[in-house]
Q: 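Mind looking over this structure? Questions follow.
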Amino acid sequence: MDNIRIAEKFNHMAKMLEFKGENQFKTRAYTNAARTIKGLDEELQVIHKEGSIEDIPGIGKILESKIVEMLETGTFEAYEKTMDEIPAGIIEIMNIPGIGPKTARLFYEKLGVQTVDELSRAAREHRIRRLPRMGEKQEEKILRSIARQKEDKNHGRHPYVLAKEIATEIVDFLDLCPDIEKVAIAGSLRRKQDTVGDIDLIAISKEPEKAISYFTGMEKVEEVLESGTAKAAIIYPGNFHVDLRIVSRDSYGSMLQHFTGSKEHNIHLRKLAISKGYSLNEYGLTDESTGNLTKFSSEEDLYENLGLEYLPPELREDRGEVEAALRGKLPQLIERKDIKGDLHVHSTWSDGANTIEEIVDAAILRGYEYIAITDHSHSTGVANGLSDKRLLEHINAIDKLNEKYDGIRILSGTECDIRADGKLDYSNNLLEQLDIVIVAVHAGLDQDRKKMTKRIVSALENEHVDILAHPTGRKFGKRPAYDVDIEKVIATAKDNDKVLEINSSPWRLDLDDINAKRAKERGVMLAINTDTHAIDHLDNIEFGINMARRAWVEPDDVLNTKDLKQLCSKLGIPK
DNA sequence: GCCGTTTTCGGCCCGACTGTTTTCAGTCG
Ligand SMILES: Nc1nc2c(ncn2[C@H]2C[C@H](O)[C@@H](COP(=O)(O)OP(=O)(O)OP(=O)(O)O)O2)c(=O)[nH]1
Ligand SMILES: [Mg+2]
Ligand SMILES: [Mg+2]
Ligand SMILES: [Zn+2]
């Protein structure tokens, strides 16, 4: 059983315990353990074999024994027992916004409601309003929440790129409000997470009520979820939930820090404050002995006051960044300016929209030292892939272009398909003639875990291969990652000195932050590539950089931060 | 259920909004 599945069981268990009315700190222990497990750099299976699971913070003897039970049997007794007690539909009911464990339990006990559909019916038949602390408005709210959830195909999360676009539109609009001095993006969007649950904004205003009514009164607002004197929440077209918090200028830094999160990062900081005799909230730091509140207008001041190095938002996930910042040992995160070239680009030779010349000009414009043209191979499922003959012509064409261009090196490459049996689309004889060989899986994605893993591993064992592209194959809104033992892939990359890609396409972001961090920890080199199919895509590098930064990646960990000389020596080709 | 160089018991982050509330529980951020 892998970490993801173990974490899911703990999360599910936490929900069930909440419903049962268990101690909230016990349920939090499960949720907390699940989150920690998801972010682990190592499989629990391995930790169990080589060390002690109990050493993981937030996991004690009891949870360790449950993890071991899962590793051995696929489940744990307490989980199965609790599953038998609680109807499956209850968890779904608790996932409706506004309905928590207490309300779900009330409906279950007083109305016998066990599924979302039964809850809908109860609301329509006005049976809810007769319950204690319930009324007409609650019935309406529940029906609206259910309707909204039904519409939503994305399980409530949106790709970063879409959310960023909407957020920018709203920020620009709020900037026009005379009662708003400044607007900033916060939440997971500011932390550059691959997908975001909602859009979180903060605004400085001396007139909070006016600012909020400006926000809730925007023309495109589909629904006002809540609207108070300090914050409001709306639904924006596309099923975007948008939260706005208003703050005074002098607490801007405190609020930005708070609303950027993550929640777990905040809790960690608040515990740290407590240990120093303070209390931390979104307005400032209160000295518990005097009651004095110090407000922070900048995040930098706040972190400094807590004795921490400034933390880039991308790191604020409580995955060790607070400890590192306390010791002054934060990584020097990679930046866009460190990128010296793009190693995954398609031209009109296969399914790209631009000629090689156009691509090279665009690369020069971006200050790159090199650019690899990596058109598709001919296997089925990939558009206009290059035959053996055309690949040779391709190499010749690039040779000629290299004579024409000064100051940039064009690398002849391929994105060679890994066929279902693990064989590559080109012979070794052909691959050998290329400057750079990317391999990737494009079809036959429903193979089982064992087959898929073996398929990719055998490709990585080919001596001519340099990079594995989009290693898990996920595409937002289309398909989840295929079933592959990513640990094995990382280990194989390490053993064979291969590079794993962080694909920067905003619909892929693959490797994601967690897997990229694992690869880095194992000493596997990464490449941040755009997989460009039209020259504008070269700028998608920004999204790949986001993932890399969230993975604690430094320039040295990335192949395409190397200068041309180092790159060529790494690829084993003449400069 | 976890945790601890002052603690092995008694804490566990802290605040805004809603609805039905005459005083606050529940939910969410
Ligand atoms: N201190 C504290 N802060 C919280 C809590 N919940 C949320 N926050 C802060 C940190 C979050 O990043 C921020 C925005 O909340 P969200 O629920 O929108 O979470 P976030 O944006 O991090 O993730 P998301 O992608 O929206 O699911 O508010 C909490 O329970 N305690
Ligand atoms: Mg959010
Ligand atoms: Mg939010
Ligand atoms: Zn590609």
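Everything quoted here is computed from the prediction, not taken from an experiment. Lettering follows sequence order; numbering is per chain, from 1.
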Q: Going by heavy atoms closer than 4.0 Å, what residues in residues 86-103 of chain A are next to DNA chain B?
A: I96(A), P97(A), G98(A), I99(A), G100(A), P101(A), K102(A), T103(A)
Q: Would you classify N32(A) as touching base, sugar-phosphate or nothing, given that sugar-phosphate means primed atoms plus P, OP1 and OP2, and contacts are heavy atoms under 4.0 Å?
A: nothing
Q: Under the ring-ring contact (aromatic ring centres under 6.0 Å, His included) test, which residues partner F76(A), sequence neighbours left out?
A: F10(A), Y79(A)
Q: Would you kindly say whether Q257(A) and N266(A) are connected by a side-chain donor-acceptor distance under 3.5 Å?
A: yes
Q: Going by purine N1 to pyrimidine N3 plus the second Watson-Crick contact, or the G-U wobble pair, all under 3.5 Å, which nucleotide sits opposite dC28(B)?
A: dG15(B)
Q: Test F543(A) against every option in D194(A), I502(A), L509(A) by the side chain to side chain contact (heavy atoms under 4.5 Å, CB included) rule and name the one that passes.
A: L509(A)
Q: Using chain A heavy atoms and a threshold of under 4.0 Å, write down where along DNA chain B the contacts begin and end, 5' to 3'.
A: dG1(B) to dG29(B)
Q: Using heavy atoms and a sub-4.0 Å distance, could you list which residues of residues 162-174 of chain A are near DNA chain B? By number, please.
A: none
Q: Let's see if you get this right: which residues in residues 229-247 of chain A place a heavy atom under 4.0 Å from DNA chain B?
A: T229(A), A230(A), K231(A), H241(A), D243(A), R245(A)
Q: What residues from residues 292-302 of chain A pass a heavy-atom cutoff of under 4.0 Å to DNA chain B?
A: none
Q: Would you verify whether the NZ or CZ of K517(A) falls within 45 degrees of the ring axis of W552(A) while also being under 6.0 Å from that six-membered ring's centre?
A: yes
Q: Checking all strands, does E282(A) fall into the base, sugar-phosphate, or nothing category for heavy-atom contacts under 4.0 angstrom?
A: sugar-phosphate
Q: Hey, which of these two, L280(A) or G60(A), hits DNA chain B nearer its 5' end, going by closest nucleotide?
A: G60(A)
